[in-house]
Every structure is written in structure tokens, then in C-alpha cells.
S.K.: 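Let me give you the structure first, and then I'll get to my questions.
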2 protein chains.
Amino acid sequence: MITYSDQVRVLVAVDCIIFGFDGDQLQILLIKRGFQPAKDQWSLMGGFVGKKETLDGAAERILFELTGLKDVYLEQLSAYGNPERDPIERTVSVAYFALIDINTYKTQISDRYHAEWFLINEAPSLIFDHNNMVEEAQKRIRYKAALHPILFELMPTKFTIPQLQNLYEQVYNAKIDNRNFIRKVNSTDLLIKLTEKDKSSSKRGAFYYTLDKTKYKAKFQSFLNFIPNPENLIS
Amino acid sequence: MITYSDQVRVLVAVDCIIFGFDGDQLQILLIKRGFQPAKDQWSLMGGFVGKKETLDGAAERILFELTGLKDVYLEQLSAYGNPERDPIERTVSVAYFALIDINTYKTQISDRYHAEWFLINEAPSLIFDHNNMVEEAQKRIRYKAALHPILFELMPTKFTIPQLQNLYEQVYNAKIDNRNFIRKVNSTDLLIKLTEKDKSSSKRGAFYYTLDKTKYKAKFQSFLNFIPNPENLIS
DNA sequence: TCAAAAGTGTTTGGCTTACACCCATGC
DNA sequence: GCATGGGTGTAAGCCAAACACTTTTGA
């Protein structure tokens with residue numbers, strides 16, 4: 001039998017950067033690591049890739065273990081392979097980022113991991129190179145969301161346009177003109193207007209919308225233009 | 001000492017999708033695999049990640065071994081980890097793509113790998129999942145080149161705008177209006193016009209240009225617009 | 001002189017931006 | 001009745017797309 005016998009074998013892990021939106025604030029889900037090394041430090045949710053698992057499969061499993069969610073937006077970010085990144089043993093990590101609607105998050109399942117949602121700017125420092133992963137994930141999302149409607153993945157099943165604008169403003173750390181934003185979003189024809197209004201944040205109330213999933217899928221790859229002059233915003 | 005002892009270790013490889021342009025045709029560099037499995041079949045240039053090597057470092061080394069080139073545009077594409085992708089032993093591969101000016105390619109160094117340049121459309125079928133990697137690399141390049149001047153990386157040190165247009169037409173498999181293209185490229189202010197002309201493809205001759213590397217680096221991240229309506233072109 | 005590639009000029013239309021202004025309603 | 005956020009109207013201006021036209025020069 002042929003083998004590649006003289007080569008080094010290493011551990012391969014998957015780490016998930018999980019972004020969530022509760023209709024008001026963009027957050028990130030972190031866990032308190034329950035084992036050595038770096039026990040009790042904050043970390044991304046991760047795990048080793050199983051013997052017969054694909055990378056995507058491992059990411060889905062890890063996300064499911066923590067949140068109880070399936071069929072979530074999940075995209076490979078990058079592979080990280082600095083030989084020193086894990087002090088115990090060389091581990092190559094493939095990072096994925098997920099975008100979820102926090103309202104669907106099942107708390108009970110995650111309890112064993114001591115998971116907690118943090119506002120992006122208030123998140124603690126993380127183990128290994130996880131801070132770097134989070135930064136790169138944010139950049140990727142900013143890049144992609146300027147051209148594709150991925151942030152819709154974070155929205156509750158029904159939401160208002162001002163809520164969506166609020167999310168964009170948090171992602172780009174910028175103030176957006178609400179009048180132009182409303183028109184831009186409506187012009188994509190991706191939303192279905194409901195009759196109900198949300199009156200929690202204004203007297204007049206803002207109409208609720210839901211995502212038209214068929215159109216969403218059809219138009220996902222086309223280049224939209226949600227953010228004016230993205231080059232001025234992306235750091 | 002703490003270890004992750006109950007986990008599977010796997011091989012980690014890097015595969016390079018090497019695109020080259022000779023001033024006329026966009027090509028891809030493939031090698032004839034010199035060892036089992038799949039000996040004598042066409043393949044991407046790849047190799048295992050060394051004990052103390054980063055992923056980027058391994059990609060640079062592999063590219064150097066084959067082409068003799070350093071400081072080449074090299075970007076991580078994606079990690080591939082299907083458990084069946086290598087029939088001998090599970091191997092996770094991190095793919096990188098490189099963009100090089102074929103004129104600087106050093107033939108002699110590569111001889112031991114039986115490397116050959118192929119026109120993209122005439123490339124042979126490749127081992128494992130390498131065909132898929134090439135396809136995804138092409139998609140990524142199409143995506144990125146619509147917004148950033150990466151295709152300039154493929155050009156010879158001096159080149160004409162019609163040559164550059166020719167490259168764009170090959171990448172997007174589309175005919176571009178030369179009059180608008182010339183203006184678009186000039187408006188980026190990324191090129192320095194030389195006094196010399198290339199008369200090989202027309203009687204009038206086309207001026208040679210060189211890349212203004214300072215401006216190139218400065219503007220690389222800004223969103224340009226080389227391709228009209230990219231959503232209509234990208235498959 | 002004429003063919004053919006390189007390059008300039010000009011019009012058009014769509015889309016973004018900026019911002020004035022109207023709407024709905026709870027207090 | 002007025003403050004407040006939600007939303008519409010609209011004009012200015014920019015920029016891409018289309019394409020008529022000029023330039024250059026070898027054969």
C-alpha cells in the first residue's frame with residue numbers, strides 16, 4: 001500500500017465566528033473554554049474535524065451543538081495555520097462565520113458551553129488567534145454586505161426597515177440617510193410588506209416586512225449597492 | 001503535559017492554482033505528477049505543509065520550487081477537506097492562487113516537475129478535486145477583478161492597454177468596448193505612459209505603459225469598476 | 001489610398017445624493 | 001398641537017454605455 005508516510009500529520013479544527021442580531025444590536029457569541037489549555041478564557045466555539053467529516057459538515061455540527069440551529073448562513077472565512085497558534089499542539093484551524101437571528105437561538109442547548117452574547121465592541125479578548133479571526137470576519141462581512149444582501153440573514157422573520165438600517169449602521173459604523181436607505185432597500189424588491197406596524201420606536205410606527213426568500217436566492221449573487229462609496233467606510 | 005490525544009491527525013497540503021499571462025493568452029501552469037497515486041496525471045502544483053511552516057509560507061515555497069519566483073501575488077482561495085478527496089490518506093488541502101507574468105517564469109527550475117502551461121479552456125482534466133479548485137479560483141478572480149486591479153499583476157513590466165483589454169476579455173469571456181475601456185483604465189491613474197509604442201498588432205501602434213506601483217498599492221482596496229455589470233457576466 | 005487598430009468626443013439615461021417636505025400618532 | 005421618527009418627492013450631478021468620428025501608418 002502506498003502512503004505519504006514521511007509527512008507530518010496535524011490536527012484540523014473548525015472555529016465559528018457567530019454573529020447574531022436581536023433586532024437592535026449586533027452581537028457575537030462566545031464560549032468560556034471548559035478545558036485546558038486556556039481553560040475559562042473566552043473563545044470562539046470550535047472543535048476538531050471528525051474522521052469522516054467534511055469541513056462544512058464540521059462547521060454545521062459545531063454550530064448546531066452550540067445553538068441548536070440548522071440551515072443557518074455559514075461561510076468559510078479562511079484557514080489559519082501558524083505553527084505556534086495553539087501552544088499545545090500544532091492545529092490548523094478553518095474558520096467559518098455564521099449569521100443568525102438571535103431570537104431563534106435556543107439557550108438551553110448551549111448551557112454546557114457557558115456561551116454568552118457580547119456586543120462586538122465589548123467582547124473580551126480571546127484565546128489564540130481568535131481575535132484576528134473575528135476581525136477578518138468583520139471585514140469580510142463589510143465587504144460582502146456592500147454588494148450582497150447577507151445582512152438580511154441576521155434579521156428576525158419580521159422586521160422593519162429602520163431596524164435593518166440600524167444593523168447596517170452598526171456593521172459599517174456609519175450613519176446612513178434613512179430616506180435614501182428606505183428607497184434603496186425597497187428598490188431591491190426583496191421584501192414583502194406586511195400590514196402590521198411596529199410602534200415600539202415611534203408613534204407613527206414602521207411597517208413590518210418579511211424576506212421574499214425566492215427573490216433573495218435569485219438575486220443573491222447580483223451586485224447590489226447597499227452602501228454608498230464602500231471604499232470610504234471599510235477600514 | 002496536556003494533549004489533544006484522542007483526536008485524529010491528518011495531512012495538510014497546499015495546492016497552487018498558478019495563472020500566467022504572456023501578453024497574449026491567459027494560461028494555467030500544471031505539472032505531471034511524478035509519484036503515486038495518480039502518477040503521470042496532470043495536477044496542480046502542491047505539497048505538504050512543513051513542520052514549522054505557515055500556510056502562506058508553504059504556498060510561497062511551493063510556488064518558488066516550481067517557478068523560481070518570489071514576491072508574486074498569492075492569495076488563499078479556500079480549504080478543501082472532503083474526507084474522500086485523496087484516495088490514499090485523508091488530506092486537507094488549502095488552495096492558493098497565484099498571478100504571474102509568464103515572461104519572468106524560469107523554465108529551467110521547473111523542469112523536474114514536467115510543468116506545462118495550458119490555455120484555460122484546453123487544460124486537461126486534473127486529479128482529485130483540482131478541477132473544482134481551478135473553477136473556484138476563476139470565479140474568485142472574476143469577482144475580485146471586477147472591483148480591484150488584480151489583473152495588472154499578470155501583465156509584463158511594460159504593456160499596452162489593448163493587451164490589458166485582451167486579458168479582461170479572456171477572464172470574463174466577453175467582448176469589451178475598447179473605447180470605453182481605454183478611458184476607464186486611464187481614469188484610474190494607475191498607469192504611467194511610456195514614449196515607446198508597440199507596433200506588432202497595429203500600424204498606428206499602441207503606447208506602452210507601466211504600472212505605478214505606489215498608486216497601485218494605495219488604490220488596491222478601493223472599489224473600482226472595470227467590468228460593466230459584472231452580474232451579467234459572471235456565471 | 002485604404003484598411004484596421006488606437007484613441008477622442010459627445011450624447012444619453014440611469015442611478016446616487018442631498019435635502020425639502022409631508023405623514024401619522026401618542027403625549 | 002407639537003415632537004418624533006417614518007416615509008415621499010424631487011432636483012442636481014455624476015458616471016457608465018453607446019457609438020460617431022478622428023488619427024496613424026504599413027502595405
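In what follows, chains are A, B, ... by sequence order, proteins preceding strands, each numbered from 1.
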S.K.: Which nucleotide, D/dT8, D/dC21, C/dC19, lies nearest any side-chain atom of A/Asp177?
M.R.: C/dC19
S.K.: Closest-nucleotide mapping onto DNA chain C: is A/Ser187 or A/Ser202 further toward the 5' terminus? I mean the 5' end.
M.R.: A/Ser187
S.K.: Which residues satisfy the side-chain contact (heavy atoms from CB on, under 4.5 Å) test with A/Asp22, sequence neighbours excluded?
M.R.: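 Residues passing side-chain contact (heavy atoms from CB on, under 4.5 Å) with A/Asp22: A/Asp24, A/Gln25, A/Gln27, A/Ile102.
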S.K.: Kindly write out the residues that satisfy side-chain contact (heavy atoms from CB on, under 4.5 Å) with B/Glu196, not counting sequence neighbours, or none if the list is empty.
M.R.: B/Lys158, B/Tyr208
S.K.: Please verify the inter-ring angle class for B/Trp117 with B/Tyr105; under 30° counts as parallel, over 60° as perpendicular, anything in between as tilted.
M.R.: perpendicular
S.K.: Given atom CZ of B/Phe207 and atom P of D/dT23, what is their separation to the nearest angstrom?
M.R.: 15 Å
S.K.: Taking NZ, NE, NH1 and NH2 as the nitrogens, is one of them in B/Glu136 or B/Arg140 under 4.0 Å from a carboxylate oxygen of the other?
M.R.: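 Looking at B/Arg140 together with B/Glu136, the answer is no, because their closest N to O distance does not fall below 4.0 Å.
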S.K.: So do the side chains of B/Gln41 and B/Leu126 get within less than 4.5 Å of each other, counting heavy atoms only?
M.R.: no
S.K.: Measure the distance from CD on B/Gln165 to P on C/dA6 and round it to the nearest whole Å.
M.R.: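 Going from B/Gln165 (CD) to C/dA6 (P), I get 8 Å.
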S.K.: With sequence neighbours excluded, tell me which residues meet side chain to side chain donor-acceptor pair (under 3.5 Å) with A/Gln163.
M.R.: none
S.K.: Taking atom P of D/dA17 as reference, at what distance in whole Å does atom CG of B/Asn178 sit?
M.R.: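 These atoms are roughly 14 Å apart.
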S.K.: Whole angstrom is fine here: how far is it from OH in A/Tyr208 over to C1' in D/dG6?
M.R.: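 A/Tyr208 atom OH is separated from D/dG6 atom C1' by 14 Å.
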S.K.: Figure out the CG/P separation between A/Leu191 and D/dG7, and round it to whole Å.
M.R.: 12 Å
S.K.: Rounding to a whole Å, what distance do you find between A/Ile161:CD1 and D/dG7:P?
M.R.: 6 Å
S.K.: Is A/Lys175 salt-bridged to A/Glu169, going by a charged N under 4.0 Å from an acidic O?
M.R.: yes
S.K.: Check the orientation of A/Tyr143 and B/Tyr143. Use parallel for under 30°, tilted for 30 to 60°, and perpendicular for over 60°.
M.R.: tilted
S.K.: Between A/Glu75 and A/Lys144, does at least one N-O distance fall below 4.0 Å, as a salt bridge requires?
M.R.: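 The answer is yes: the pair qualifies as a salt bridge.
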S.K.: Please tabulate, one pair per line, each protein N/O and nucleotide N/O from nucleotides 25-27 of chain D that are separated by under 3.5 Å, including the distance.
M.R.:
none

S.K.: For D/dT4 and A/Ser201 - does any side-chain N or O of the residue sit under 4.0 Å from the phosphate oxygens OP1/OP2?
M.R.: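 No.
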S.K.: Indicate yes or no for a side-chain donor-acceptor contact from A/Arg85 to the backbone of A/His130 under 3.5 Å, with no hydrogens or angles considered.
M.R.: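 No, because the side chain of A/Arg85 does not come within donor-acceptor range (under 3.5 Å) of the backbone of A/His130.
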S.K.: Do any N or O atoms of the protein come closer than 3.5 Å to N or O atoms of nucleotides 10-15 of chain C, and which pairs are they?
M.R.:
{"from": "C/dT10", "atom 1": "O4", "to": "B/Arg183", "atom 2": "NH1", "distance (Å)": "2.9"}

S.K.: Is it the case that the side chain of A/Tyr80 and the backbone of A/Met133 share a donor-acceptor pair, with hydrogens and angles ignored and the cut-off at 3.5 Å?
M.R.: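 Pair absent, no side-chain N/O of A/Tyr80 close to backbone of A/Met133.
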S.K.: Could you state the atom-to-atom distance from CZ of B/Phe181 to P of D/dA16 in whole Å?
M.R.: 13 Å
S.K.: Give the rounded distance in Å between these two atoms: CG of A/Asn186 and C1' of D/dG6.
M.R.: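 It is 12 Å, rounded to the nearest whole Å.
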S.K.: What does the inter-axis angle of the helix from C/dT1-D/dA27 to C/dC27-D/dG1 come out as, five pairs per end, nearest 10 degrees?
M.R.: 20°
